[in-house]
Undergrad: 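The following block contains the structure, expressed as structure tokens.
Numbers for residues simply follow the sequence, beginning at 1.
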Amino acid sequence: MPAKLIDGRAIAAQIQSELAARVASLKQRGTTPGLAFMRVGEDPASKVYVGRKEKACAELGIVSETHVLPEATSESDLLTLIAQLNSNPRLHGILVQAPLPKHISESVIYSSVLPTKDVDGFHPVNVGKLMLGDATGFRPCTPAGVVELLVRSGVKTDGAEVVVLGRGNIVGKPMAAMLCQKGRGANATVTICHSATRDIKAHCLRADIIVAAIGVAEFVKADMVKLGATVIDVGVNRVADANSKTGTKLVGDVDFTAVEKIAGMLTPNPGGVGPMTIAMLLQNTVRAAELSIS
Ligand code: GUN
């Protein structure tokens, strides 16, 4: 039997309709949630991602502003802008789209955003709170979205063997931290696999749940998946495609056609994790606005 597909678009739409009530209540109390985006340079994927986030904000009634800065922007100019946004009371969230140009330190930039406006969950204070299981922090949007997908699809994480492929700061590491905690959509036994892992296939074959965030096109093959396992594909990779007008196409970290025959549940890509990242950004922003008046 082919895998049941996990419809990220439908689950994200459900979350957005729940958030709409919270936005209405904030507006009744005189507060409109505000979010600032910053994008440095012309990375084509970042343009698309920020565009989608702006559109989602507009649909929910969050006011957003986008600062597009040239590739040559200095770190100190970016820090000056962030300081202005930090002190603007109409803004409840600040998001600096990654990747940044090589001459700008992501850790310096993410540390400069006020932790209370850090709706990306990248500030060391929020990273620390995640590790400590302190729910007062903001959690990074993509792994938080994966947890929400699992919970709302009825995938049991309690006691489950989970393999996270990838150890990046945006997905892999926070994903593992969330899944191994005590609590809802968590309580799993987590293994992180990365480029130095000796036998990734052996780890994957033990997994009840695989979260693929390794950044390698179609890395997860059918012979790496246990029959009936849940497979979550976080990857977005551009590869050559002679049949497409642009000469390229986007594929995930999972060989979808092959894995679909083995997995019990599988995220489509697109339409799986991507919409959930946006839903969690909206959720973090609404929460930041609520906290600002509480
Ligand atoms: N680049 C890829 N994913 C993300 C994300 O969740 N937030 C930001 N700021 N940049 C990203």
Undergrad: Rounded at 0.5 Å granularity, tell me how far CZ in F138 sits from CD in Q283.
TA: 10.5 Å
Undergrad: Within a radius of less than 6.0 Å around CZ of R238, do more than 12 heavy atoms belonging to other residues, nucleotides or ligands occur?
TA: yes
Undergrad: What is the minimum heavy-atom distance between L165 and C204, and which atoms define it?
TA: CD2-SG, 4.0 Å
Undergrad: Is atom NZ of K221 surrounded by more than 12 heavy atoms (other residues, nucleotides or ligands) closer than 6.0 Å?
TA: yes
Undergrad: Supply the atom-to-atom distance I82 CD1 to L114 CG, rounded to the nearest 0.5 angstrom.
TA: 10.5 Å
Undergrad: Carefully, step by step, assess L69 and D77 under the rule side chain to side chain contact (heavy atoms under 4.5 Å, CB included).
TA: CA-CA 10 Å; L69 307 169; D77 282 352; over 6 Å; no
Undergrad: Please check: side-chain N/O of D241 versus main-chain N/O of T248, any donor-acceptor pairing under 3.5 Å?
TA: no
Undergrad: Are V23 and V63 connected, step by step, through hydrophobic side chains (Ile, Leu, Val, Met, Phe, Trp, Tyr) whose heavy atoms are closer than 4.5 Å?
TA: no
Undergrad: So which atom in T277 and which in C141 form the shortest heavy-atom distance, rounded to 0.1 Å?
TA: O-CB, 3.5 Å
Undergrad: Would you call F219 and N237 a side-chain contact if the rule is heavy atoms closer than 4.5 Å?
TA: no
Undergrad: Where the side chain of K27 meets the backbone of G61, is there a donor-acceptor pair that is under 3.5 Å apart?
TA: yes
Undergrad: Is the backbone of A186 close enough, under 3.5 Å, to the side chain of T157 for a donor and an acceptor to pair up by distance?
TA: yes
Undergrad: Show your reasoning for whether side-chain hydrogen bond (donor to acceptor under 3.5 Å, both in side chains) applies to K47 and Q97.
TA: CA-CA 9 Å; K47 275 189 195 172; Q97 185 69 25; over 6 Å; no
Undergrad: Do the side chain of D208 and the main chain of T230 share a donor and acceptor less than 3.5 angstrom apart?
TA: no
Undergrad: Would you say V113 ends up clustered with F122 if hydrophobic residues are merged whenever their side chains have heavy atoms under 4.5 Å apart, either directly or through other cluster members?
TA: yes
Undergrad: Does L227 have more than 12 heavy atoms from other residues, nucleotides or ligands lying within 6.0 Å of its CG?
TA: no
Undergrad: Rounded at 0.5 Å granularity, tell me how far CZ in R287 sits from OG in S292.
TA: 12.0 Å
Undergrad: Look up atom OG in S74 and atom CD1 in I104, then write down how far apart they are to the nearest 0.5 Å.
TA: 7.0 Å
Undergrad: Please report the shortest heavy-atom distance between V251 and A217, naming the atom on each side.
TA: CG2-CB, 3.5 Å
Undergrad: Does any donor atom in the side chain of S46 or R39 lie under 3.5 Å from an acceptor atom in the other side chain?
TA: no
Undergrad: Answer yes or no: is there a donor N or O on one side and an acceptor on the other, between the side chain of H92 and the main chain of A288, under 3.5 Å?
TA: no
Undergrad: Could you tell me whether E71 and K102 make a salt bridge, using a distance below 4.0 angstrom between a side-chain N and a carboxylate O?
TA: no
Undergrad: For the residue pair K53 and F37, establish whether any side-chain heavy-atom pair is separated by less than 4.5 Å.
TA: yes
Undergrad: Does some side-chain heavy atom of R139 sit less than 4.5 Å from a side-chain heavy atom of M178?
TA: yes
Undergrad: Nearest 0.5 Å, please: how far is CG in L150 from CG in L179?
TA: 7.0 Å
Undergrad: Would R167 and S195 count as having a side-chain donor-acceptor pair, cut-off 3.5 Å?
TA: yes
Undergrad: Could you walk me through whether M276 and I15 pass side chain to side chain contact (heavy atoms under 4.5 Å, CB included), step by step?
TA: CA-CA 9 Å; M276 293 301 292; I15 292 167; 3.6 Å; yes
Undergrad: Considering only heavy atoms from C-beta outward, does the side chain of L5 approach that of L266 to under 4.5 Å?
TA: yes
Undergrad: Is there a salt bridge (charged side-chain N to carboxylate O under 4.0 Å, His left out) between R29 and E290? Walk through the geometry before answering.
TA: CA-CA 10 Å; R29 287 176 279 161; E290 288 167 348; 5.3 Å; no
Undergrad: Please report the closest heavy-atom contact between L19 and A279, naming both atoms and the distance.
TA: CD1-O, 4.0 Å
Undergrad: Ignoring hydrogens and geometry, is there a side-chain-to-backbone donor-acceptor pair from S111 to H123 under 3.5 Å?
TA: no
Undergrad: Report yes if the side chains of S105 and E75 come closer than 4.5 Å at any heavy-atom pair, otherwise no.
TA: yes
Undergrad: I need the minimum non-hydrogen distance between A222 and I262, along with the two atoms involved.
TA: CB-CG1, 3.9 Å
Undergrad: Checking side-chain polar atoms at under 3.5 Å, does E54 have a donor or acceptor matched by the opposite partner on T66?
TA: yes
Undergrad: Between D253 (side chain only) and G215 (backbone N and O only), is there a donor and an acceptor less than 3.5 Å apart?
TA: yes
Undergrad: Side chain to side chain contact (heavy atoms under 4.5 Å, CB included) for V231 and V225? Distances and angles first, verdict last.
TA: CA-CA 8 Å; V231 180; V225 177; 4.0 Å; yes
Undergrad: Should L130 and Q181 be marked as a side chain to side chain contact (heavy atoms under 4.5 Å, CB included) after you check the CA-CA gap, both sets of side-chain angles, and the distance that decides it?
TA: CA-CA 9 Å; L130 170 61; Q181 268 161 14; 4.1 Å; yes
Undergrad: Consider only side-chain heavy atoms of I, L, V, M, F, W and Y, link residues closer than 4.5 Å, and tell whether V211 and M224 are in one cluster.
TA: no
Undergrad: I'd like to know if the side chain of Q14 and the backbone of R9 have a donor-acceptor N/O pair within less than 3.5 Å.
TA: no
Undergrad: So that I can tick it off, tell me whether R52 and E59 are bridged by a salt bridge, with the cut-off set at under 4.0 angstrom between side-chain N and carboxylate O.
TA: no
Undergrad: Group every Ile, Leu, Val, Met, Phe, Trp and Tyr by side-chain heavy-atom contacts under 4.5 Å, then state whether L100 and V108 land in the same group.
TA: yes
Undergrad: Keeping the roles fixed (side chain from T197, backbone from I200), state whether a donor-acceptor pair exists under 3.5 Å.
TA: no
Undergrad: With a 4.5 Å limit on heavy-atom distance, are the side chains of L85 and H67 in contact?
TA: yes
Undergrad: If we only count heavy atoms from C-beta on, is the L26 to V286 side-chain gap below 4.5 Å?
TA: yes
Undergrad: Would you find a donor on one side and an acceptor on the other, under 3.5 Å apart, between the side chain of Y49 and the backbone of P44?
TA: no
Undergrad: Mind checking the OG1-CE spacing from T73 to M38? Nearest 0.5 Å is all I need.
TA: 11.5 Å
Undergrad: What heavy-atom pair brings G185 and V151 nearest, and what distance separates the two atoms?
TA: CA-CG2, 3.5 Å
Undergrad: Kindly indicate whether the side chain of P270, heavy atoms from C-beta on, has any atom under 4.5 Å from the side chain of L250.
TA: no
Undergrad: Tell me whether I214 shares a hydrophobic cluster with V164, the cluster being built from Ile, Leu, Val, Met, Phe, Trp, Tyr side chains joined at under 4.5 Å.
TA: no
